[in-house]
Each structure stands twice: as structure tokens, then as C-alpha cells.
Visitor: 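One structure is given below, represented as C-alpha cells, and several questions about it will come after.
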There are 2 protein chains.
Amino acid sequence: MASRTTQILEAAVRVIARHGVRGLRVEELAAEAGVSTGLIYYHFKDRAGVLRRTLQFISDRAGHYTTVRDPDAAPLTPREELEQSLLLELQDTGEVRENSSAWGELRASAVFDPLLREELASATSLWVREVTAMLTRVNPAAPASAPAAAAERLTALVEGLSMRWLSGGIPVDRARTLMLEAVEAEIAMLQRR
Amino acid sequence: MASRTTQILEAAVRVIARHGVRGLRVEELAAEAGVSTGLIYYHFKDRAGVLRRTLQFISDRAGHYTTVRDPDAAPLTPREELEQSLLLELQDTGEVRENSSAWGELRASAVFDPLLREELASATSLWVREVTAMLTRVNPAAPASAPAAAAERLTALVEGLSMRWLSGGIPVDRARTLMLEAVEAEIAMLQRR
DNA sequence: GTCTATAACGGGATAGAC
DNA sequence: GTCTATCCCGTTATAGAC
């Protein structure tokens, strides 16, 4: 059972996903969480405290980067696993959209808030390491530094495409197509070495 | 001699680069530009107008910090031209950093602000078309749709890497290296078709 | 710990003089 | 075109009851 603060933080993620960091109103957050504004201040001191804790919460939760899979399903090839993992962030479902929007806000906020950077950097580097491992499984023969660089590019591309999608620049299907082709290009490059 | 509105727009880019779109206060903008708040409203109608025009200003200007080149040097190959153009946004100089920060902020804001989307979409599509043209020059034989997709990926990657750089995730040199390798991968892919 | 009621404030926007 | 002064609203934040 979620604690009171967790309940509020989860509500905060939803509100941020809807209106952004700048659009978070304490009163709306209270309504979303089903509590009073007074309670928000009781638990978080002030609005900045809510933001700080929420953005940490987002990067800690990093639900982003883990796939829960049915253990009985047919095993994925390394390449399928990689593709699936990257496409996870490019789906037009409520939950993914929420997560991606919030993550984008976190990244954007970190540009102006040194406190968030550390948190963000470690979450990102975890993600990059995971993708690096998948790429290594796709092509174990590639020189050591190549999969790491490819992973940095592919994850950065996910973020770039995600922003374009969320800001209405491209439909989500286009983003997915572009992503898959990028995987192809990167794997081809690993092969050629 | 810069016009009054240009002077204000330049100040707006600086303020946004420092504090983000979220942190832009009309009063601070006025101070930065050395004018009164009243004048801001006279020229831009409201705060949203400032943002809209600033976005246009940034995208117009981005084309312009084009490379100071030695006139005696050999002319650039199409590929070099492409590389230069993409690397333009990944330079740790005051002006570029300012532009990139502001651009990232506007992109992030557009997720929650439909008014900015239109503007952003047309600026982006212009950029994508330019990169597409360069890619076509690199490999005129490639099928028509391939350079366009590659251009979308490369520009999205610039944005993704730029965010990582600005949020302290990677140093600018790393971003540049990753970018160049991506160009290589994309060109190789065009070749293979 | 949690709520209701309200005080205090920030900042967007306007009016009117020059 | 530009400035000063000010209004006004939405929001943050606090006080005090339960």
C-alpha cells in the first residue's frame, strides 16, 4: 500500500505530464491526489520541494528502462529485445505518454537545475549500459567501444524523437519507423568493423 | 544597428537560456533589454507573443551562425558541408549555447502549449528539408524517401545530444564525435540501397 | 495528519502621461 | 514609441480547528 507521500508523488507525475513543470498548480495537485493543499505543504514544505522530490521520483522509478516479460513466452532474439526496449518509449498509451512527458520535463529542468543533474545522469547511464549490453549480445564480435557509442546515439535518438512526437511534430508511428531504421543502421555499422 | 524589437528578442534569448521559458519574467526581460515592461507589451502584445516571436527569431538566426571560412581553402564536399551544418549546434560558444538552450526550452514548452507547436513545426520542417537536400547531394542515387528519413533522424539526434550536453550528461566533444559517427552510419545506409 | 479558511504575494497586463 | 504607476488575478503559503 502506497504511503501518503507516494500517493501525492504519483499524482504529481500525472499533473506534470499533463501541464508540465511550469503548469503544476498546488491546488490541482491536491485535487488529483485527493487531499487538501494544506497537506501538500505539510509533507513537502513548499512547491519547489514537491518538484524536487517528484523529479527524483521519476528518475528513481525509471520504469522506463525495465521490461517485464512473461517467462513462458517465446524468447526474443537479441535484436528483437533491443528493438522492443527502444520502442517502449514510443507508444501512444496513457502510461507511456505520461512517463515520456515527465521524463522530458525532467531533462529540460535539469538544464537549469544542477541538483537534478546528478540524478538524471545516473539514470541515463544505467539505461545506456543496458542498451550497450543488448548491442553486445547482437554482435559479440564488435570492438568494445562501438556498442557503447551506438547505445548513446540510440538512446539520445529515442529522446529526440520522443520530444518531436510529444510536441506534435511527427506521429508516433513515424517515430517508431525512424527508430527501427536507426537500429538497422547502427547494427550494420557494428557488422562492418 | 539593431531595431528595438530585435534588441528585445536578443534579450529574450539570453533570459530563456538562463532561466528557461518557465523562468522568463516579463519584468526581467525588460531589465535585460534595458527597456520598460510597458514597451514589451506595446511591441509583443503579451507574454505568449514574446515566446512566439523569440522562437521564430531563434530558428532564423540558427541558419546564420554559419562558419567563418578561409576563402582560400578548398571548397567543402557535400558530406563536409552536411557535417559542418549538423555540428553547428554542438559548440560550446556563448551564442550557440544560448541558442540551443532556448531552442530546447521552446521544444519542451511546445509539448504543453499548442500555440508554439505550429511555429516549431515549420521551423523544424525547414531544417529537415535543408538536411535532406544535403544528403541528396551526398548521394544523388539514393531512392527519394531515404534522405528524408535520414534527415529526420539526424536532426532529432542533434536535439537529443544537445539536451544531454546542456543537462550535463556528456561533454560537447563527445556529442560531436557521436554525431559524426551517426552521419557515417546514415550515409553508409544510403549507399547500400 | 489532515482539513478549511484566509492572508500574502508575484507577476501579467493596462492606463495614461510624455 | 516609450515610460511610470498601478491594478488585478491566480497562486503560493500559513493559521488554526479537528
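Owing to the predicted nature of the structure, the values given are computational and were not obtained by experimental measurement.
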Visitor: Check the distance between D:dG1's P and B:Ile8's CD1 and give it to me in whole angstrom.
Guide: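 Whole-Å distance recorded here is 11 Å.
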Visitor: For A:Thr177, give me all partners under side-chain contact (heavy atoms from CB on, under 4.5 Å), at least two apart in sequence or on another chain.
Guide: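 Partners of A:Thr177 by the side-chain contact (heavy atoms from CB on, under 4.5 Å) criterion, ordered by chain and then number, come out as A:Glu181.
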Visitor: Using nucleotides 13-18 of chain C, report all nitrogen or oxygen pairs with the protein that are shorter than 3.5 Å.
Guide:
residue : atom : partner : partner atom : Å
C:dA13  : OP2  : B:Arg47 : N            : 3.0

Visitor: Round to a whole Å and report the spacing from CG of B:Leu39 to P of D:dA5.
Guide: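 My rounded result for the distance is 16 Å.
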Visitor: Apply side-chain contact (heavy atoms from CB on, under 4.5 Å) to B:Gln56 and list each qualifying residue two or more places apart in sequence or on a separate chain.
Guide: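 Counting only residues at least two positions away or on another chain, B:Gln56 forms a side-chain contact (heavy atoms from CB on, under 4.5 Å) with B:Arg53, B:Glu119.
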Visitor: Axis-to-axis angle across the helix from C:dG1-D:dC18 to C:dC18-D:dG1, five pairs an end, to 10 degrees?
Guide: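 The helix from C:dG1-D:dC18 to C:dC18-D:dG1 shows an end-to-end axis angle of 10°.
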Visitor: Using the salt bridge (Lys or Arg N to Asp or Glu O under 4.0 Å) criterion, which residues pair with B:Arg174? Sequence neighbours excluded.
Guide: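 Salt bridge (Lys or Arg N to Asp or Glu O under 4.0 Å) check on B:Arg174 returns A:Glu152.
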Visitor: Name the residue closer to the 5' end of DNA chain D, choosing between A:Arg25 and B:Gly34 according to the nucleotide with the nearest heavy atom.
Guide: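 In this pair, the answer is B:Gly34.
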Visitor: With sequence neighbours excluded, what pairs up with A:Ala108 under the side-chain contact (heavy atoms from CB on, under 4.5 Å) test?
Guide: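 For A:Ala108 the side-chain contact (heavy atoms from CB on, under 4.5 Å) partners, ignoring immediate neighbours, are B:Arg22, B:Glu105, B:Ala108, B:Met163.
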Visitor: Sorted by first residue and then second, give each salt bridge (charged side-chain N to carboxylate O under 4.0 Å, His left out) pair with at least one member in residues 37-51 of chain A; sequence neighbours left out.
Guide: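 The answer is none; no pair qualifies.
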Visitor: Among all residues two or more places apart in sequence or in another chain, which pass the salt bridge (Lys or Arg N to Asp or Glu O under 4.0 Å) test with B:Glu159?
Guide: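 In terms of salt bridge (Lys or Arg N to Asp or Glu O under 4.0 Å), with neighbours along the sequence ignored, B:Glu159 is linked to A:Arg164, B:Arg107.
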Visitor: A:Glu27 has an atom CD; how far is it from atom C1' of C:dT6, in whole Å?
Guide: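 So the two atoms are 13 Å apart, to the nearest Å.
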Visitor: How many whole angstroms separate atom CD of B:Gln7 from atom P of D:dG1?
Guide: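 To the nearest whole Å, that distance equals 14 Å.
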Visitor: Scan residues 137-149 of chain B for pairs that pass side chain to side chain donor-acceptor pair (under 3.5 Å), counting only residues two or more places apart or in two chains.
Guide: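 For residues 137-149 of chain B, and leaving out neighbouring residues, the side chain to side chain donor-acceptor pair (under 3.5 Å) pairs sorted by first residue read B:Glu81-B:Arg137, B:Asn139-B:Gln191.
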Visitor: Applying side-chain contact (heavy atoms from CB on, under 4.5 Å), name anything that partners B:Val13, two or more places apart in sequence or on another chain.
Guide: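 Partners of B:Val13 under the side-chain contact (heavy atoms from CB on, under 4.5 Å) test: B:Thr54, B:Phe57, B:Ile58, B:Arg61, B:Glu98, B:Asn99, B:Ala102.
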Visitor: Strictly distance-based, threshold 3.5 Å: is any side-chain N or O of B:Arg97 a donor or acceptor partner for the main-chain N or O of B:Gln91?
Guide: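 The answer is no, because no donor-acceptor pair under 3.5 Å joins these two groups.
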Visitor: Please list, in numerical order, the residues of residues 14-24 of chain B that have a heavy atom closer than 4.0 Å to any atom of DNA chain C.
Guide: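 Nucleic-acid contacts, sorted: B:Leu24.
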Visitor: What pairs with A:Ser122 under side-chain hydrogen bond (donor to acceptor under 3.5 Å, both in side chains), at least two apart in sequence or on another chain?
Guide: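 Listed in chain order: nothing, the list is empty.
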Visitor: Would you check if the side chain of B:Glu89 reaches a backbone N or O of B:Ser100 as a donor-acceptor pair within less than 3.5 Å?
Guide: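 No.
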Visitor: Phosphate oxygens OP1/OP2 of D:dT2: is one of them under 4.0 Å from a side-chain N or O of B:Arg4?
Guide: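 Answer is yes, contact under 4.0 Å.
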Visitor: Between D:dG1 atom P and B:Ile40 atom CD1, what is the distance in whole Å?
Guide: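 Rounded to the whole Å, the gap is 15 Å.
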Visitor: Given atom CG of A:Leu29 and atom P of C:dC3, what is their separation to the nearest angstrom?
Guide: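 It works out to 12 Å between those atoms.
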